[in-house]
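So that the names make sense, note that chain A is the first sequence line, chain B the second, and so on, each numbered from 1.
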There are 2 protein chains.
Amino acid sequence: MNDQLSLTFSALSDPTRRAMLSRLSQGDANVSDLAKPFLKDMSLPAITKHLKVLENAGLIIKTKEAQWRPCKINGAPLKDASAWMEQYRQYWEESFDRLEEYLKTITDAKKSKRKKHGKKK
Amino acid sequence: MNDQLSLTFSALSDPTRRAMLSRLSQGDANVSDLAKPFLKDMSLPAITKHLKVLENAGLIIKTKEAQWRPCKINGAPLKDASAWMEQYRQYWEESFDRLEEYLKTITDAKKSKRKKHGKKK
DNA sequence: TTTATATTTAACTTATTGGTTAATTAACTG
DNA sequence: CAGTTAATTAACCAATAAGTTAAATATAAA
């Protein structure tokens with residue numbers, strides 16, 4: 001497992017790391033800011049490791065500023081991950097066991113200007 | 001790690017499992033169908049385990065048909081995962097270090113009918 | 001130059017993951 | 001029934017992940 005998509009999904013598969021991204025979406029923050037909500041649950045080195053995972057996946061960018069390490073989100077890798085998931089949109093947009101796909105198949109001859117997914121939300 | 005979102009992302013973090021979903025997006029398939037492309041790389045029990053991960057994450061549904069186990073995609077969990085990522089769309093849609101967000105901030109007073117993300121794709 | 005703050009590294013432990021081979025179960029087929 | 005096909009389970013192993021505590025590093029501040 002070393003491809004970017006795997007790195008991205010793997011990094012996102014932990015609730016602590018997702019919470020960190022969520023925090024960062026409200027503004028840049030340094031390590032101790034990010035750590036604060038979790039210090040009752042885990043140690044600071046554990047935080048460092050989580051941030052390292054996010055950084056290795058390219059989901060955050062950590063810089064230096066005196067003794068602080070301000071972090072900011074880098075959404076770029078999410079673009080490909082999101083695009084990958086979009087492939088499967090049809091499998092969650094329709095209820096009733098892919099009813100529409102079925103209907104589309106059996107009515108292709110009759111109707112012809114159907115676009116992509118008639119049903120929305 | 002036992003929440004659904006973590007289960008989903010974790011299941012997607014392996015290229016073999018993503019390939020299996022990809023295969024299933026072209027049509028339902030039983031275990032040996034799914035295994036075929038990977039049997040040069042790994043054993044059948046390994047395949048069984050990967051499918052178990054996908055099944056536990058709810059990404060596939062496995063049924064019984066004589067001695068076969070037809071599998072089909074269940075996209076539902078991807079809906080939440082995708083929705084989660086959408087939260088961060090702004091972080092990958094804009095180039096130049098969140099330029100737009102910055103512009104939006106400093107021009108809020110002047111312009112007022114801007115909607116969400118002016119720039120598209 | 002000592003001290004305090006912010007963060008990382010090292011070394012270690014435990015649990016989980018992803019794979020293996022061998023054996024087992026389940027259902028069909030001759 | 002004996003044999004074949006499909007798939008799973010059991011038992012094991014090595015690598016990785018996620019946490020720990022203790023020590024080290026880096027910068028600022030007194």
Asks: In the 5'-to-3' direction, what one-character label does each nucleotide of nucleotides 22-30 of chain C receive under the scheme B = base within less than 4.0 Å of a protein heavy atom, S = sugar-phosphate only, - = no such atom?
Replies: B----SS--
Asks: Would you please name every residue forming a side chain to side chain contact (heavy atoms under 4.5 Å, CB included) with Ser43(B), sequence neighbours left out?
Replies: Pro45(B), Ala46(B)
Asks: Tell me, please, which residues at least two apart from Glu86(B) pass side-chain hydrogen bond (donor to acceptor under 3.5 Å, both in side chains).
Replies: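 Glu86(B) satisfies side-chain hydrogen bond (donor to acceptor under 3.5 Å, both in side chains) with Arg89(B) only.
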Asks: In residues 48-62 of chain A, which residues come under 4.0 Å of DNA chain D by heavy atom?
Replies: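 Residues of residues 48-62 of chain A that come under 4.0 Å of DNA chain D are, in numerical order, Lys49(A), His50(A).
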Asks: Between dG18(C), dT21(C), dT20(D), which nucleotide gets closest to the side-chain atoms of Ala46(A)?
Replies: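 For the Ala46(A) side chain, the nearest candidate turns out to be dT20(D).
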Asks: Please identify each residue that fulfils side chain to side chain contact (heavy atoms under 4.5 Å, CB included) with Thr63(A), with sequence neighbours left out.
Replies: Ile61(A), Pro70(A)
Asks: I'd like to check the ring-ring contact (aromatic ring centres under 6.0 Å, His included) partners of Trp84(B); sequence neighbours left out, ordered by chain and number.
Replies: Phe9(B), Tyr88(B)
Asks: Taking side-chain hydrogen bond (donor to acceptor under 3.5 Å, both in side chains) as the test, write out the residues that go with Lys49(B), two or more places apart.
Replies: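 Scan of Lys49(B) (side-chain hydrogen bond (donor to acceptor under 3.5 Å, both in side chains), adjacent residues dropped) gives none.
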Asks: Mind checking what makes side chain to side chain contact (heavy atoms under 4.5 Å, CB included) contact with Ala35(B), not counting sequence neighbours?
Replies: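 Ala35(B) satisfies side chain to side chain contact (heavy atoms under 4.5 Å, CB included) with Leu39(B), Leu44(B), Ile47(B) once adjacent residues are dropped.
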Asks: I'd like to check the side-chain hydrogen bond (donor to acceptor under 3.5 Å, both in side chains) partners of Arg69(B); sequence neighbours left out, ordered by chain and number.
Replies: none
Asks: Using the side-chain hydrogen bond (donor to acceptor under 3.5 Å, both in side chains) criterion, which residues pair with Glu55(B)? Sequence neighbours excluded.
Replies: Lys52(B)
Asks: Give the residues of residues 30-41 of chain B touching DNA chain D, defined as any heavy atom closer than 4.0 Å, sorted by residue number.
Replies: Asn30(B), Val31(B), Ser32(B)
Asks: Could you work out, with side chain to side chain contact (heavy atoms under 4.5 Å, CB included) as the rule, every residue matching Gln4(B), not counting sequence neighbours?
Replies: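 Partners of Gln4(B) under the side chain to side chain contact (heavy atoms under 4.5 Å, CB included) test: Leu7(B), Thr8(B), Pro77(B).
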Asks: Would you check if there is a donor-acceptor pair between the side chains of Ser6(A) and Arg18(B) at a distance under 3.5 Å?
Replies: yes
